[in-house]
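Notes follow once the structure below has been shown.
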Amino acid sequence: MSRTFNGTSDLINCNSASGINELFASPGGTLCAWIYPLTTGEGTLGRIIDKRHTFPGGWNWFVDTVNNAPSLRFLHAFNGNLNNGGWDTATSSLVLKTWQHVATTYDRSSASNTPTMYINASIQTITTTDTPLLTADTDKAAAWVIGNNLATTRTWDGEIAYMQAYTRILTQNEIIQTMWFPGSITRNLAAFWPLFGHSAIEGDYTGNQNRGALTGTVLGIRQPPINGVFAPSEVTAVNG
Amino acid sequence: MSKPRLKLVAVFDTLGHAQTVQAGLAAALVGTNRFDTQLEIYQNEANQPELVLHVRFNTLSDREAVRTYITTNIQNNALVHSWIQRGWIAWHLCTHDEASVVDCRHQTDVTQFQEAAL
């Protein structure tokens, strides 16, 4: 199961709620997802997640073709959007037309902290392409958007599946577990969007009600090679 | 119901230039029959002013009129073109409403311009 994004307009808007805001505040947080990029996406900077729009703050997680292309980039706003932190995995570390599991852990409480980025649960060499200064900006006013930004100018082209967000930093062994068995680690699991692709609203399977409103995105034709998924029924998740 | 779509995205060198083009686009849209319209400028990931126009028109002729305006006054206008760091125009070639169609990725044509200067 997965959801496909068309590279021009699709997105899932999960809005902003206290449970998924400030994910990277101390002691840090973790993002995980399976991705299948057909291309580098709209503007060649296709979003996995964007939680940063016109508001001077927030962060985004995307395919980068400016630095180390194509790589996985994580950007977090600092100092009123003036001195943002940006980090990239190595050149060609992301592969088009292939399922890969990506994860990023980060604690924004100090500008000297750097994220740990994983591809297929392997820790990646990180390049600091933008050095953050002073303090991190809040993300609480920005909507959590899957597969695009809120301006719809960075649409993902391909599939995304099994997105999870944690309010703690997962270990590498935990990343491996969530890669093969999404939803199986529930401690500090703030949101779990399996992206099964068959519901009118994207349910948050933690029951935390971080539901996503769909624009265009439909059931993907490819499935990531997981071993099993831990999720309650969709009805429970959507309603509950 | 058909909803001919058109999207323009352009990254500008200055906010003032982006606002000039935004005003021109707003004027070009006056009198057209639209289902919904997004016309805004935001700061992108590189803190550059980025203009986005995303419209679902109610008539194909209005969509084509605005597309012609963009081609003439933005894409092929030497002065305006020089303000743009990178940009693209996308228009959907089908006449359906996307909500009723499973996957129509092959029906959207995208024209890039000024790709080089990232």
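Order of the sequence lines sets the chain letters (A, B, ...), proteins ahead of strands, with each chain counted from 1.
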Does any heavy atom of chain B fall under 4.5 Å from the side chain of [X], the backbone, both, or neither of them?
X	result
A:Thr129	neither
A:Asp50	neither
A:Arg154	side chain
A:Asn84	side chain

Is a side-chain N or O of B:Lys7 found less than 3.5 angstrom from the main chain of A:Thr153, in a donor-acceptor match?
no
Sidechain-backbone polar pair: B:Asn47 side chain, A:Leu82 backbone, donor-acceptor under 3.5 Å:
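Answer holds: no.
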Distance from B:Tyr42 atom OH to A:Leu150 atom CG, nearest 0.5 Å?
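CG of A:Leu150 is found 10.0 Å from OH of B:Tyr42.
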Atom CG of A:Leu45 and atom CG of B:Asn44: how far apart are they, to the nearest 0.5 Å?
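That separation rounds to 8.5 Å.
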Return yes if a side-chain donor-acceptor contact under 3.5 Å exists between B:Arg56 and A:Ser9, otherwise no.
no
With chain A, which of B:Glu45, B:His54, B:Gln38 has the greatest number of heavy-atom pairs at distances under 4.5 Å?
B:Glu45
Identify the two heavy atoms, one from B:Trp88 and one from A:Gly43, that lie closest to each other, and give their separation to 0.1 Å.
CH2-CA, 3.3 Å
